[in-house]
*Asks:* 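Have a look at this one before I ask anything.
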Amino acid sequence: MNRISEAIRQLHSTLPEGVELVAVSKFHPVEALRAAYDAGQRIFGESRVQELLAKQPEMPADVRWHFIGHLQTNKVRQLIGRTAMIESVDSERLLELIDRLSADAGATTRVLMQVHVAAEETKFGFSPDEILVYFRARRFENLKATHICGIMGMATNTDNTIRIRDDFHRLAEIKSEIARMCPDLRGFDTLSMGMSDDYPLAIEEGATLVRVGTAIFGERQY
Ligand SMILES: *Cc1c(COP(=O)(O)O)cnc(C)c1O
């Protein structure tokens with residue numbers, strides 16, 4: 001647990017101003033989250049609905065929970081009102097469902113649109129074209145109870161730092177392009193990118209939120 005608090009303090013002292021840390025705690029026990037909390041960490045990222053809901057009552061109420069995994073439509077309802085942010089909105093269908101269920105519950109849900117720029121074909125997310133079309137057509141105007149706060153993405157899983165930097169650069173450009181197209185879009189200021197192996201590069205390319213798991217909690221036991 002000492003290693004966890006040490007890692008949190010280290011990260012908090014090195015992250016530049018304007019960059020927030022999501023401690024990705026998926027597959028780690030609540031004791032590990034408590035160690036991070038006691039070291040000052042408040043944002044935690046989980047990728048499975050049941051795991052997030054199980055950990056939530058075990059942690060202090062001022063924890064901000066970010067959902068970062070692929071969200072199946074049949075599980076959306078359980079998350080409404082329980083997250084500070086759903087970072088992984090990867091389809092319009094999911095977005096509309098989140099919006100409808102949020103409106104029904106009288107809640108507002110803050111989300112990021114997940115954009116896919118990496119080489120892997122299996123990753124979820126809007127393609128750069130799809131996301132630009134979505135905003136150009138101003139389809140967000142139909143949302144009643146959802147606040148789109150920005151975009152989330154991942155770089156290609158490779159050792160090639162040029163490729164990784166390129167992916168992050170592309171995500172940053174997409175976010176700027178959307179902001180340019182829709183200057184009236186308020187609070188569209190979050191760029192979530194960078195994980196344990198590549199967050200320094202992501203920050204150099206403009207990340208405002210980094211999602212770090214292994215570098216804080218160690219390897220996950222699946
Ligand atoms: C697991 C996960 C992370 C954290 O990855 P690490 O390499 O352990 O830092 C970040 N983002 C998403 C979307 C994840 O699923």
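Every number for a ligand or one of its atoms is a count from 1 in the order of the listing.
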*Asks:* So which heavy atom in the protein is nearest atom 14 (C) of ligand 1, and how far is it from that ligand atom?
*Replies:* Lys26 NZ, 3.0 Å
*Asks:* Just need the protein heavy atom nearest to atom 6 (P) of ligand 1, so name the residue and atom and give the distance.
*Replies:* Ser196 OG, 3.5 Å
*Asks:* To check your reading of the model: name the closest protein heavy atom to atom 8 (O) of ligand 1, its residue, and the distance in Å.
*Replies:* Thr214 OG1, 2.5 Å
*Asks:* From Glu51 CD over to Gln56 CD, what is the distance, rounded to the nearest 0.5 angstrom?
*Replies:* 12.5 Å
*Asks:* Taking atom CZ of Arg34 and atom OG of Ser5, what is their separation to the nearest 0.5 Å?
*Replies:* 14.5 Å
*Asks:* Under the salt bridge (charged side-chain N to carboxylate O under 4.0 Å, His left out) rule, what do Glu141 and Arg138 come out as? Steps first, then yes or no, please.
*Replies:* CA-CA 6 Å; Glu141 287 182 340; Arg138 301 184 63 83; 2.7 Å; yes
*Asks:* Rounded to the nearest 0.5 Å, what separation is found between the CZ atom of Phe67 and the NZ atom of Lys26?
*Replies:* 10.5 Å
*Asks:* Sequence neighbours excluded, which residues qualify as ring pair (Phe, Tyr, Trp, His ring centres under 6.0 Å) partners of His28?
*Replies:* Phe217
*Asks:* Can you pull out the closest protein heavy atom to atom 10 (C) of ligand 1? Residue, atom name and distance to 0.1 Å, please.
*Replies:* Met195 SD, 3.2 Å
*Asks:* Can you name the atoms of ligand 1, numbered from 1 with element, that are less than 4.0 Å from a heavy atom of Val212?
*Replies:* 9 (O)
*Asks:* Among all the protein's non-hydrogen atoms, which is closest to atom 11 (N) of ligand 1, and how far away is it?
*Replies:* Arg211 NE, 2.8 Å
*Asks:* I'd like to know whether ligand 1 has Met154 as a neighbour, heavy-atom separation below 4.0 Å.
*Replies:* yes
*Asks:* Take every heavy atom of Ile68, measure it against each atom of ligand 1, and state whether any distance is under 4.0 Å.
*Replies:* yes
*Asks:* In sequence, state the C-alpha distance, the side-chain angles, and the governing distance for Arg64 and Glu20, and then conclude on side-chain contact (heavy atoms from CB on, under 4.5 Å).
*Replies:* CA-CA 12 Å; Arg64 286 180 277 153; Glu20 282 197 297; 3.7 Å; yes
